[in-house]
2 protein chains.
Amino acid sequence: MLDNRKKQILQAIVDNYIDTAEPVGSRTIEKKYQLGLSSATIRNEMADLEELGYLMQPHTSAGRVPSLTGYQLYVDELMTQYSLTLEEIGVLKSVMEEKFDYLEKIISKASGIMSDLTNYTSVVMGPKIKKDSIKNIRLIPVDSQIILAVIVTNEGIIKDKKIRLRHISDFEGIERLEKAINSHLAGIESTEITMDRVVRLVNEAKVSDDITIAVLEFIKECITSQSKDDLYVNGSANILAFPEYSDVSKAKDFLNFVGDKENMMLAISQSASEAGDISIKIGGQDGNADYSIITSKYKIGDSMEGVIGLIGPVRMDYKKAVSVMKSVTDMINNKMLEITKKEDGHE
Amino acid sequence: MLDNRKKQILQAIVDNYIDTAEPVGSRTIEKKYQLGLSSATIRNEMADLEELGYLMQPHTSAGRVPSLTGYQLYVDELMTQYSLTLEEIGVLKSVMEEKFDYLEKIISKASGIMSDLTNYTSVVMGPKIKKDSIKNIRLIPVDSQIILAVIVTNEGIIKDKKIRLRHISDFEGIERLEKAINSHLAGIESTEITMDRVVRLVNEAKVSDDITIAVLEFIKECITSQSKDDLYVNGSANILAFPEYSDVSKAKDFLNFVGDKENMMLAISQSASEAGDISIKIGGQDGNADYSIITSKYKIGDSMEGVIGLIGPVRMDYKKAVSVMKSVTDMINNKMLEITKKEDGHE
DNA sequence: ATTTAGCACTCACCAACATCGAGTGCTAAC
DNA sequence: GTTAGCACTCGATGTTGGTGAGTGCTAAAT
């Protein structure tokens, strides 16, 4: 479709624009990137690229700026690899050497690292538990009103939640419910939590509905990972460093977007679900969006998976972002392995 | 010290400046506030007020702006009461009617409401548990590596934490530890958690040090309220709406300040501890601060207390902020009463 | 048939300059 | 003690012309 020379030029333009945030002109390309072409030729090619929709001109006598399609082509075909600097590797290493006990700490640290290294806004979604890897569920009455529900996965990760009820008296019932849930659990899907199944459970456990429903809600939450508490956002103030957000109202929009956790979870999980390992969503596709979202899935053994993401201006350093994200994903995987391995060694 | 007329004029100036964010001149005061004085007289008084240190002039031919001491006098003596509008009362009412099960939900909702109503950044610190109101502590091993530690207060509020250890085998030891802690608990102070005490506990429980230390750490956290998870910050993007933060670098400083939870907890608890019910800290006193912090304590029965706060530009609508804060504090108290009453009815 | 040099043209950006007006301080009259 | 009047200050706003980076086009060079 696009001949080689056009691609080279497009790549140079995108690279340069990502770097400088300024429309790039033909002379800049001629001097900075030795393509063996005169500015006039580049000029002609640029006119072509504009006609094809890969470039845009803010005004007649300005340089060119990549269009969304331009960025798309860039991330799909043109983008080169970025290698982390020694310093960056150092930061990652130092984190690798820290001891982590809990999933949450790793997750939140990962988010911090990502935003530190990229200066973009990072977001990490706590893992959802895969249906078939729940080792067991415990229901512990701690008070006359509160049950602590705990899910333990095969990998030894636990999630817990307090369930508050009007009054608990039927302790044996809760025990029966615990048993009933554990035995019916194998391979439960969130969509399979139907009234039917609930009725059967209630019958078996002979415990009041409200307890059962609350517990099942919790399980569903773990499977679909829809808890706001599991979302870690970092470095949203970074956005202000980018000239495209020196307009305060734009910055405000952005911060409101990133601050709204529901919204954010939706955006992240949508973006992630559509693609495989790493997905890049270039601004404006949601209609309301002036920024790009890069997401990557991480896995904890076979039992859990979650998503990490970076959000920044459309003029984002995609190659750096992608490479940092890969490293962080690896880091999470390794650190989790460490935690879960520890247990295996002992049992 | 200050005669009445000077106070009136100072009040008018502060009120107006809070409203408009613009230096206020003598003519404005003459027209907007009927003090029965000509602009010339007001001018003279303003010159006096400036000499006394209550006002400042950005430049020779501009109006006057309150100085920090000016604000201080204003909040101490001059500030009138603000009554919430019907609309604002409506918002609060609608929240009052919602059902809340959990402390955390109320807390986080309260934070949201506060920032919505004032357009400032709100922060709510989860309550710390008073030492003498811990009903009991439970240690529940849920896995070969994890103990769930749960504190239940007299009011029926619970806090819990996962404690991960290398390997747990000594289940009886944990039970002994639980008993030992519960019996030694009466009147424990965070400062009293010394090596000494730990040793004694370990001796009594005959369980390994690391478990004991981890559990005591958790208790300490609950007593001193030093958990980052219990801090809810809302509406930090609001700051961008204020002209004093249209300078992006200032806005960035602010957002970084508010985003740093450790920092924030320190600032809030310092501010709150110094005064009684409501404390107003006017910018700059920390050296690094360009903004004001208003804090108010809330209580849950006799067993817990926490802090809510508002952070905004020095030119803050103090009267509104204070009144909203009072209402929200009341709301928290009432809602908590509801939750804890529920239990009393049953027991 | 490309590529390139050359040139006229466009347009954002900036500095210099003038203008405006809100606000002051001071003096003199009330 | 208060106020009217006036000269003065100084930031904000608007205008103007120059500058330079960049373009598109044409004609010469390869």
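Chain A is the first sequence line, chain B the second, and so forth, proteins listed ahead of strands; every chain is numbered from 1.
DNA chain D is contacted by B:T41, B:R43, B:N44 of residues 41-50 of chain B, taking any non-hydrogen atom closer than 4.0 Å. Listed by residue number, there are no residues of residues 22-33 of chain A with a heavy-atom contact under 4.0 Å to DNA chain C.
Between the P atom of C:dA22 and the CZ atom of B:R64 lies a distance of 17 Å, rounded to the nearest Å. The OH atom of B:Y17 sits 16 Å away from the C1' atom of C:dG23 (whole-angstrom rounding). The interatomic distance linking A:L35 (CG) with C:dT2 (C1') rounds to 17 Å, in whole Å.
Mapping B:G36 and B:T60 onto DNA chain D by nearest heavy atom places B:G36 at the nucleotide closer to the 5' end. Two residues, B:A40 and B:S61, neighbour DNA chain C, and the one matched to the more 5' nucleotide by heavy-atom proximity is B:S61.
Taking the six-membered ring for Trp and the full ring otherwise, A:F242 and A:F254 have centroids separated by 6.0 Å or more. Ring pair B:Y74/B:Y17: centre-to-centre distance not below 6.0 Å.
Two residues are said to be in side-chain contact when any heavy atoms from C-beta on lie closer than 4.5 Å; A:N263 and A:F257 meet this criterion.
Checking side-chain atoms of A:S269 against main-chain N and O of A:L266 turns up a donor-acceptor pair under 3.5 Å.
Each of B:I293, B:I239, B:D317, B:V324 was compared with B:Y120 under the side chain to side chain contact (heavy atoms under 4.5 Å, CB included) criterion, and only B:D317 meets it.
When all heavy atoms of B:K326 and B:Q81 are compared, the pair lying nearest together is NZ-NE2, 4.2 Å. When all heavy atoms are compared, the tightest approach of A:G63 to A:P58 is O-CD, 3.4 Å.
At a threshold of 4.0 Å, the pair B:D253-B:K250 does not count as salt-bridged, since none of the basic side-chain nitrogens sits closer than that to a carboxylate oxygen. Salt bridge annotation for A:D48-A:K6: present, with a cationic side-chain nitrogen under 4.0 angstrom from a carboxylate oxygen.
No more than 12 heavy atoms of other residues, nucleotides or ligands shown are found within 6.0 angstrom of CG on A:N4. The 12-atom threshold is exceeded at NZ of A:K261, counting heavy atoms of other residues, nucleotides or ligands nearer than 6.0 Å.
Interface limits on DNA chain D: the 5'-most and 3'-most nucleotides within less than 4.0 Å of chain B heavy atoms are D:dT2 to D:dG11.
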